[in-house]
Amino acid sequence: MAVGKDLLQLDLYGLLGVGEKASEKEVKTAFRQKALTCHPDKNPDNPRAAELFHQLSQALAVLTDAAARAAYDRVRRAKKQAAERTQKLDERRKKVKLDLEAREREAQAQESEEEEVKTRRTLEEEIIRLREEGSRQLEEQQRLIREQIRLEREQQLPGKQDRSRAEDKVTPKLKLKWKCRKEDETRGGYTEEVLLQILQKYGDVLNLLISSRRTGSAVVEFASVKAAEMAVKNEVGLRNNPLKISWLEGQPQSSPSTLLSDSTTQPRASQASVVSERDYESLVMMRLRQAAERQQLIEQLRREEEEEPHT
(Lines give C-alpha, C1' and ligand atoms only; values in the text may rest on other atoms or scores of the structure.)
Protein backbone atom coordinates (compact mmCIF):
# COMPACT_ATOMS: atom_id res chain seq x y z
CA MET A 1 0.00 0.00 0.00
CA ALA A 2 1.43 3.36 -1.01
CA VAL A 3 2.01 5.90 1.73
CA GLY A 4 2.02 9.53 0.80
CA LYS A 5 0.02 12.60 -0.02
CA ASP A 6 -2.20 10.74 -2.50
CA LEU A 7 -3.83 8.60 0.21
CA LEU A 8 -3.87 11.43 2.74
CA GLN A 9 -5.74 13.65 0.28
CA LEU A 10 -8.42 11.04 -0.47
CA ASP A 11 -11.88 11.26 1.10
CA LEU A 12 -12.09 7.57 2.02
CA TYR A 13 -15.67 7.84 3.28
CA GLY A 14 -16.79 9.67 0.17
CA LEU A 15 -14.93 7.18 -2.04
CA LEU A 16 -16.96 4.30 -0.56
CA GLY A 17 -20.13 6.38 -0.26
CA VAL A 18 -20.57 5.87 3.50
CA GLY A 19 -20.82 8.19 6.48
CA GLU A 20 -18.15 8.79 9.09
CA LYS A 21 -20.07 6.65 11.60
CA ALA A 22 -20.54 3.71 9.20
CA SER A 23 -20.09 0.28 10.78
CA GLU A 24 -17.46 -2.19 9.61
CA LYS A 25 -20.17 -4.26 7.91
CA GLU A 26 -21.47 -1.19 6.05
CA VAL A 27 -17.92 -0.37 4.92
CA LYS A 28 -17.41 -3.94 3.61
CA THR A 29 -20.77 -3.92 1.80
CA ALA A 30 -20.03 -0.57 0.15
CA PHE A 31 -16.58 -1.77 -0.91
CA ARG A 32 -17.95 -4.95 -2.46
CA GLN A 33 -20.67 -3.09 -4.40
CA LYS A 34 -18.28 -0.50 -5.83
CA ALA A 35 -15.33 -2.86 -6.36
CA LEU A 36 -17.44 -5.24 -8.46
CA THR A 37 -18.14 -2.46 -10.97
CA CYS A 38 -14.50 -1.44 -11.41
CA HIS A 39 -12.59 -4.69 -10.85
CA PRO A 40 -9.68 -4.96 -13.35
CA ASP A 41 -10.92 -8.40 -14.45
CA LYS A 42 -14.19 -6.80 -15.58
CA ASN A 43 -12.50 -3.75 -17.14
CA PRO A 44 -9.26 -5.02 -18.74
CA ASP A 45 -9.06 -2.09 -21.20
CA ASN A 46 -9.70 0.67 -18.67
CA PRO A 47 -6.58 1.74 -16.71
CA ARG A 48 -8.73 4.06 -14.59
CA ALA A 49 -10.63 1.01 -13.29
CA ALA A 50 -7.47 -0.50 -11.82
CA GLU A 51 -6.58 2.83 -10.16
CA LEU A 52 -10.06 3.19 -8.67
CA PHE A 53 -10.04 -0.41 -7.45
CA HIS A 54 -6.69 0.27 -5.75
CA GLN A 55 -8.11 3.37 -4.04
CA LEU A 56 -11.17 1.44 -2.87
CA SER A 57 -8.87 -1.26 -1.48
CA GLN A 58 -6.90 1.39 0.42
CA ALA A 59 -10.13 2.83 1.83
CA LEU A 60 -11.29 -0.62 2.99
CA ALA A 61 -7.94 -1.43 4.61
CA VAL A 62 -7.87 1.83 6.59
CA LEU A 63 -11.56 2.01 7.59
CA THR A 64 -11.74 -1.62 8.81
CA ASP A 65 -8.68 -1.24 11.03
CA ALA A 66 -9.54 0.54 14.28
CA ALA A 67 -6.16 2.21 14.81
CA ALA A 68 -5.75 3.33 11.19
CA ARG A 69 -9.32 4.63 11.05
CA ALA A 70 -8.86 6.61 14.26
CA ALA A 71 -5.68 8.18 12.88
CA TYR A 72 -7.43 9.01 9.59
CA ASP A 73 -10.38 10.59 11.46
CA ARG A 74 -7.95 12.75 13.44
CA VAL A 75 -6.40 13.99 10.19
CA ARG A 76 -9.87 14.85 8.83
CA ARG A 77 -10.79 16.75 11.98
CA ALA A 78 -7.46 18.58 11.99
CA LYS A 79 -7.99 19.69 8.38
CA LYS A 80 -11.51 20.86 9.12
CA GLN A 81 -10.39 22.80 12.19
CA ALA A 82 -7.49 24.32 10.26
CA ALA A 83 -9.88 25.49 7.56
CA GLU A 84 -12.18 27.05 10.17
CA ARG A 85 -9.24 28.81 11.84
CA THR A 86 -8.04 30.11 8.49
CA GLN A 87 -11.49 31.51 7.76
CA LYS A 88 -11.65 33.25 11.13
CA LEU A 89 -8.15 34.62 10.72
CA ASP A 90 -9.05 35.97 7.28
CA GLU A 91 -12.06 37.76 8.78
CA ARG A 92 -9.94 39.19 11.57
CA ARG A 93 -7.20 40.17 9.14
CA LYS A 94 -9.65 42.46 7.39
CA LYS A 95 -10.36 44.27 10.64
CA VAL A 96 -7.06 44.18 12.50
CA LYS A 97 -3.74 45.38 11.16
CA LEU A 98 -1.64 45.63 14.29
CA ASP A 99 1.71 43.82 14.35
CA LEU A 100 0.97 42.13 17.67
CA GLU A 101 -2.13 40.42 16.37
CA ALA A 102 -0.31 39.55 13.16
CA ARG A 103 2.37 37.76 15.23
CA GLU A 104 -0.34 35.96 17.19
CA ARG A 105 -1.87 34.73 13.97
CA GLU A 106 1.49 33.47 12.78
CA ALA A 107 2.04 31.63 16.07
CA GLN A 108 -1.40 30.02 15.85
CA ALA A 109 -0.80 29.03 12.26
CA GLN A 110 2.53 27.46 13.20
CA GLU A 111 0.87 25.56 16.08
CA SER A 112 -1.87 24.23 13.85
CA GLU A 113 0.67 23.25 11.20
CA GLU A 114 2.74 21.33 13.77
CA GLU A 115 -0.38 19.57 15.02
CA GLU A 116 -1.39 18.68 11.49
CA VAL A 117 2.10 17.29 10.83
CA LYS A 118 1.86 15.19 13.98
CA THR A 119 -1.56 13.74 13.12
CA ARG A 120 -0.46 13.16 9.53
CA ARG A 121 2.63 11.29 10.76
CA THR A 122 0.45 9.10 12.99
CA LEU A 123 -1.72 8.15 10.02
CA GLU A 124 1.33 7.42 7.90
CA GLU A 125 2.68 5.13 10.62
CA GLU A 126 -0.62 3.26 10.77
CA ILE A 127 -0.65 2.88 6.99
CA ILE A 128 2.93 1.57 7.04
CA ARG A 129 1.86 -0.95 9.69
CA LEU A 130 -1.03 -2.08 7.51
CA ARG A 131 1.29 -2.47 4.55
CA GLU A 132 3.77 -4.55 6.55
CA GLU A 133 1.22 -6.70 8.39
CA GLY A 134 -1.23 -6.99 5.53
CA SER A 135 -4.89 -6.11 5.88
CA ARG A 136 -6.84 -9.29 6.62
CA GLN A 137 -10.10 -7.50 5.89
CA LEU A 138 -8.80 -6.40 2.48
CA GLU A 139 -7.53 -9.88 1.59
CA GLU A 140 -10.84 -11.45 2.66
CA GLN A 141 -12.96 -8.99 0.69
CA GLN A 142 -10.79 -9.24 -2.43
CA ARG A 143 -11.09 -13.02 -2.29
CA LEU A 144 -14.88 -12.70 -2.02
CA ILE A 145 -14.87 -10.34 -5.01
CA ARG A 146 -12.87 -12.82 -7.12
CA GLU A 147 -15.20 -15.65 -6.12
CA GLN A 148 -18.31 -13.63 -6.96
CA ILE A 149 -16.90 -12.66 -10.37
CA ARG A 150 -16.14 -16.33 -11.03
CA LEU A 151 -19.71 -17.30 -10.08
CA GLU A 152 -21.16 -14.57 -12.31
CA ARG A 153 -19.11 -15.81 -15.25
CA GLU A 154 -20.26 -19.38 -14.68
CA GLN A 155 -23.90 -18.27 -14.60
CA GLN A 156 -23.49 -16.59 -17.99
CA LEU A 157 -22.22 -19.78 -19.64
CA PRO A 158 -24.54 -22.55 -20.92
CA GLY A 159 -24.13 -25.78 -19.01
CA LYS A 160 -22.36 -23.87 -16.24
CA GLN A 161 -22.33 -26.77 -13.77
CA ASP A 162 -20.72 -29.17 -16.24
CA ARG A 163 -18.21 -26.51 -17.24
CA SER A 164 -17.41 -25.73 -13.61
CA ARG A 165 -16.71 -29.38 -12.86
CA ALA A 166 -14.52 -29.66 -15.96
CA GLU A 167 -12.56 -26.56 -14.94
CA ASP A 168 -11.99 -27.99 -11.46
CA LYS A 169 -10.45 -31.08 -13.01
CA VAL A 170 -7.91 -29.16 -15.06
CA THR A 171 -6.97 -26.46 -12.57
CA PRO A 172 -3.15 -26.33 -12.73
CA LYS A 173 -1.42 -27.71 -9.65
CA LEU A 174 2.31 -27.79 -8.95
CA LYS A 175 4.39 -29.73 -6.47
CA LEU A 176 7.00 -27.80 -4.46
CA LYS A 177 9.98 -29.43 -2.75
CA TRP A 178 12.86 -28.01 -0.72
CA LYS A 179 15.40 -29.13 1.85
CA CYS A 180 14.05 -29.13 5.39
CA ARG A 181 14.86 -31.04 8.57
CA LYS A 182 12.00 -32.40 10.67
CA GLU A 183 13.07 -30.45 13.75
CA ASP A 184 13.38 -27.17 11.82
CA GLU A 185 10.55 -24.91 13.07
CA THR A 186 11.20 -22.42 10.24
CA ARG A 187 10.48 -25.13 7.62
CA GLY A 188 13.69 -24.36 5.81
CA GLY A 189 12.63 -20.73 5.41
CA TYR A 190 9.39 -21.57 3.57
CA THR A 191 6.38 -20.60 5.66
CA GLU A 192 2.94 -20.23 4.07
CA GLU A 193 3.41 -16.45 3.93
CA VAL A 194 6.81 -16.75 2.22
CA LEU A 195 5.52 -19.24 -0.37
CA LEU A 196 2.50 -17.05 -1.17
CA GLN A 197 4.73 -14.00 -1.56
CA ILE A 198 6.97 -15.94 -3.96
CA LEU A 199 4.15 -17.49 -6.03
CA GLN A 200 1.54 -14.72 -6.21
CA LYS A 201 3.73 -12.59 -8.47
CA TYR A 202 2.93 -15.04 -11.29
CA GLY A 203 -0.85 -14.91 -10.83
CA ASP A 204 -3.74 -15.69 -8.46
CA VAL A 205 -3.11 -18.61 -6.10
CA LEU A 206 -6.32 -20.49 -5.32
CA ASN A 207 -4.89 -22.86 -2.72
CA LEU A 208 -1.60 -23.61 -1.01
CA LEU A 209 -1.21 -26.71 1.14
CA ILE A 210 2.02 -27.47 3.02
CA SER A 211 2.35 -31.18 3.78
CA SER A 212 2.07 -32.03 7.47
CA ARG A 213 3.45 -35.54 6.93
CA ARG A 214 6.56 -34.83 4.88
CA THR A 215 8.80 -31.88 5.58
CA GLY A 216 9.88 -29.71 2.67
CA SER A 217 6.83 -30.47 0.51
CA ALA A 218 3.78 -28.47 -0.61
CA VAL A 219 1.16 -28.29 -3.35
CA VAL A 220 0.02 -25.03 -4.97
CA GLU A 221 -3.06 -24.50 -7.15
CA PHE A 222 -2.98 -21.56 -9.59
CA ALA A 223 -6.01 -19.90 -11.15
CA SER A 224 -4.47 -20.04 -14.64
CA VAL A 225 -2.23 -22.39 -16.60
CA LYS A 226 -0.11 -19.44 -17.74
CA ALA A 227 0.73 -18.51 -14.14
CA ALA A 228 1.68 -22.12 -13.36
CA GLU A 229 3.88 -22.35 -16.47
CA MET A 230 5.72 -19.14 -15.54
CA ALA A 231 6.31 -20.42 -11.99
CA VAL A 232 7.68 -23.74 -13.25
CA LYS A 233 9.91 -22.02 -15.79
CA ASN A 234 11.25 -19.09 -13.77
CA GLU A 235 10.97 -19.58 -10.00
CA VAL A 236 14.05 -20.77 -8.08
CA GLY A 237 12.97 -19.84 -4.55
CA LEU A 238 15.31 -18.74 -1.77
CA ARG A 239 18.97 -18.42 -2.70
CA ASN A 240 20.20 -20.51 0.24
CA ASN A 241 17.50 -23.17 -0.18
CA PRO A 242 16.24 -23.46 -3.78
CA LEU A 243 12.77 -24.73 -4.70
CA LYS A 244 12.18 -27.70 -6.98
CA ILE A 245 8.91 -27.20 -8.85
CA SER A 246 7.18 -29.85 -10.97
CA TRP A 247 3.76 -30.36 -12.53
CA LEU A 248 1.24 -32.33 -10.51
CA GLU A 249 -1.93 -31.74 -12.55
CA GLY A 250 -3.23 -29.62 -15.43
CA GLN A 251 -0.03 -29.45 -17.48
CA PRO A 252 -0.77 -28.39 -21.10
CA GLN A 253 0.26 -30.83 -23.80
CA SER A 254 2.47 -28.30 -25.56
CA SER A 255 4.59 -27.57 -22.50
CA PRO A 256 7.80 -29.56 -21.95
CA SER A 257 7.72 -31.86 -18.95
CA THR A 258 9.35 -30.45 -15.85
CA LEU A 259 9.47 -33.70 -13.96
CA LEU A 260 13.05 -34.22 -15.13
CA SER A 261 14.10 -31.09 -13.25
CA ASP A 262 13.13 -32.82 -10.01
CA SER A 263 15.82 -35.45 -10.44
CA THR A 264 17.98 -36.23 -13.45
CA THR A 265 18.71 -39.75 -12.27
CA GLN A 266 15.17 -41.22 -12.59
CA PRO A 267 13.28 -42.06 -15.78
CA ARG A 268 10.21 -39.95 -16.49
CA ALA A 269 7.72 -42.79 -16.04
CA SER A 270 9.31 -43.73 -12.71
CA GLN A 271 9.12 -40.16 -11.44
CA ALA A 272 5.47 -39.82 -12.44
CA SER A 273 4.71 -43.00 -10.53
CA VAL A 274 6.54 -41.74 -7.40
CA VAL A 275 4.71 -38.40 -7.54
CA SER A 276 1.36 -40.14 -7.95
CA GLU A 277 1.87 -42.59 -5.08
CA ARG A 278 3.49 -40.24 -2.56
CA ASP A 279 1.20 -37.28 -3.07
CA TYR A 280 -2.14 -39.00 -3.54
CA GLU A 281 -3.26 -38.45 0.05
CA SER A 282 -2.09 -34.79 0.08
CA LEU A 283 -3.81 -34.17 -3.25
CA VAL A 284 -7.09 -35.59 -1.98
CA MET A 285 -6.84 -33.45 1.16
CA MET A 286 -6.21 -30.37 -0.93
CA ARG A 287 -9.23 -31.01 -3.15
CA LEU A 288 -11.48 -31.58 -0.15
CA ARG A 289 -10.19 -28.40 1.47
CA GLN A 290 -10.63 -26.45 -1.76
CA ALA A 291 -14.21 -27.64 -2.21
CA ALA A 292 -15.06 -26.80 1.41
CA GLU A 293 -13.56 -23.31 1.17
CA ARG A 294 -15.39 -22.52 -2.07
CA GLN A 295 -18.68 -23.71 -0.58
CA GLN A 296 -18.10 -21.55 2.50
CA LEU A 297 -17.39 -18.52 0.31
CA ILE A 298 -20.55 -19.08 -1.73
CA GLU A 299 -22.66 -19.45 1.42
CA GLN A 300 -21.08 -16.36 3.01
CA LEU A 301 -21.80 -14.28 -0.10
CA ARG A 302 -25.41 -15.41 -0.11
CA ARG A 303 -25.87 -14.68 3.60
CA GLU A 304 -24.38 -11.20 3.30
CA GLU A 305 -26.52 -10.39 0.26
CA GLU A 306 -29.65 -11.52 2.14
CA GLU A 307 -28.71 -9.39 5.17
CA GLU A 308 -28.07 -6.24 3.10
CA PRO A 309 -30.93 -3.70 3.42
CA HIS A 310 -32.91 -3.22 0.23
CA THR A 311 -32.81 0.33 -1.14
Side-chain angles (χ1 to χ4, degrees), residues 1-90 109-149 197 200-201 204 301 304 308-309 311:
M1 179 183 298
V3 178
K5 294 184 178 179
D6 291 344
L7 177 57
L8 299 178
Q9 295 300 328
L10 287 176
D11 179 4
L12 302 186
Y13 292 104
L15 193 63
L16 291 175
V18 297
E20 293 185 4
K21 296 184 179 180
S23 65
E24 183 176 303
K25 181 179 178 181
E26 291 172 332
V27 170
K28 290 181 184 178
T29 299
F31 167 78
R32 191 163 58 254
Q33 291 174 346
K34 288 185 176 292
L36 278 172
T37 63
C38 65
H39 196 280
D41 289 350
K42 283 191 170 185
N43 304 270
D45 299 325
N46 184 2
R48 171 61 182 158
E51 179 184 353
L52 181 56
F53 181 78
H54 177 64
Q55 292 178 349
L56 291 171
S57 299
Q58 290 180 312
L60 176 73
V62 171
L63 298 184
T64 54
D65 184 274
R69 183 170 180 172
Y72 175 71
D73 288 344
R74 287 195 294 271
V75 170
R76 283 172 60 88
R77 286 195 297 269
K79 286 184 177 180
K80 183 177 180 180
Q81 292 169 358
E84 292 174 352
R85 284 195 297 268
T86 299
Q87 183 178 359
K88 290 180 181 179
L89 287 173
D90 288 341
Q110 184 176 358
E111 259 182 46
S112 63
E113 183 178 352
E114 291 174 355
E115 183 65 24
E116 183 177 350
V117 169
K118 183 184 297 184
T119 56
R120 183 186 296 267
R121 186 178 299 115
T122 301
L123 177 56
E124 289 177 348
E125 291 171 354
E126 292 297 336
I127 294 172
I128 291 174
R129 177 182 62 79
L130 283 177
R131 180 184 62 189
E132 293 175 347
E133 295 178 358
S135 171
R136 294 181 181 179
Q137 299 285 2
L138 175 58
E139 293 172 0
E140 176 189 357
Q141 292 301 314
Q142 287 183 340
R143 185 170 65 169
L144 290 173
I145 290 292
R146 290 195 297 269
E147 182 65 20
Q148 187 164 343
I149 290 175
Q197 185 177 5
Q200 284 177 338
K201 61 177 176 283
D204 288 340
L301 281 171
E304 291 187 0
E308 291 176 7
T311 57

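Quick caveat, the model's predicted, so the values are computed rather than measured.
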Carefully, step by step, assess R76 and D11 under the rule side chain to side chain contact (heavy atoms under 4.5 Å, CB included). CA-CA 9 Å; R76 283 172 60 88; D11 179 4; 2.9 Å; yes

Check the pair E84 / K80 against side chain to side chain contact (heavy atoms under 4.5 Å, CB included), numbers first and verdict last. CA-CA 6 Å; E84 292 174 352; K80 183 177 180 180; 3.7 Å; yes

Steps toward side chain to side chain donor-acceptor pair (under 3.5 Å) verdict (S57, Q142): CA-CA 8 Å; S57 299; Q142 287 183 340; 3.2 Å; yes

Could you walk me through whether Q148 and L144 pass the side chain to side chain contact (heavy atoms under 4.5 Å, CB included) check? CA-CA 6 Å; Q148 187 164 343; L144 290 173; over 6 Å; no

Passes side chain to side chain contact (heavy atoms under 4.5 Å, CB included), E20 versus D73? Steps please. CA-CA 8 Å; E20 293 185 4; D73 288 344; 5.6 Å; no

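One distance of note links OG1 of T37 with CG of L52; it measures 7.0 Å at 0.5 Å rounding. Rounded to the nearest 0.5 angstrom, E115 CD and R77 CZ are separated by 11.0 Å. How far CG of L63 is from OH of Y72: 7.0 Å, rounded to the nearest 0.5 Å. A distance of 12.0 Å separates NZ in K34 from CG in L36, rounded to the nearest 0.5 Å. A distance of 3.5 Å separates OG of S23 from CD of E26, quoted to the nearest 0.5 Å. To the nearest 0.5 Å, the span separating CG on L56 from CD on Q141 amounts to 12.0 Å.
Listed by chain and residue number, Q9, V75, E116, R120 satisfy the side-chain contact (heavy atoms from CB on, under 4.5 Å) test with K79 (two or more places apart in sequence, or in another chain). For the side-chain contact (heavy atoms from CB on, under 4.5 Å) test, residues two or more places apart in sequence or in another chain that qualify with E24 are K28, T64, Q137. Every residue two or more places apart in sequence or in another chain that forms a side chain to side chain donor-acceptor pair (under 3.5 Å) with R69 is listed here: Y13. Residues passing the side-chain contact (heavy atoms from CB on, under 4.5 Å) test with A78, sequence neighbours excluded: T119. Residues satisfying the salt bridge (charged side-chain N to carboxylate O under 4.0 Å, His left out) criterion with K118, sequence neighbours excluded, are absent altogether.
For R129 and E126, the salt-bridge test passes: some basic side-chain N is under 4.0 Å from an acidic carboxylate O.
The side-chain hydrogen bond (donor to acceptor under 3.5 Å, both in side chains) analysis of residues 38-53, with sequence neighbours excluded, yields the pairs K42-E152, R48-E51.
Environment of CD in Q110: sparse, with no more than 12 heavy atoms of neighbouring residues, nucleotides or ligands closer than 6.0 Å. Sparse packing is recorded around NZ of K88, with 12 or fewer heavy atoms of other residues, nucleotides or ligands lying under 6.0 Å away.
Contact record, A50 with P40: CA-CG, 4.0 Å, taken as the closest heavy-atom pair. Closest non-hydrogen pair, L123 versus A68, comes out as CD1-O, 3.8 Å.
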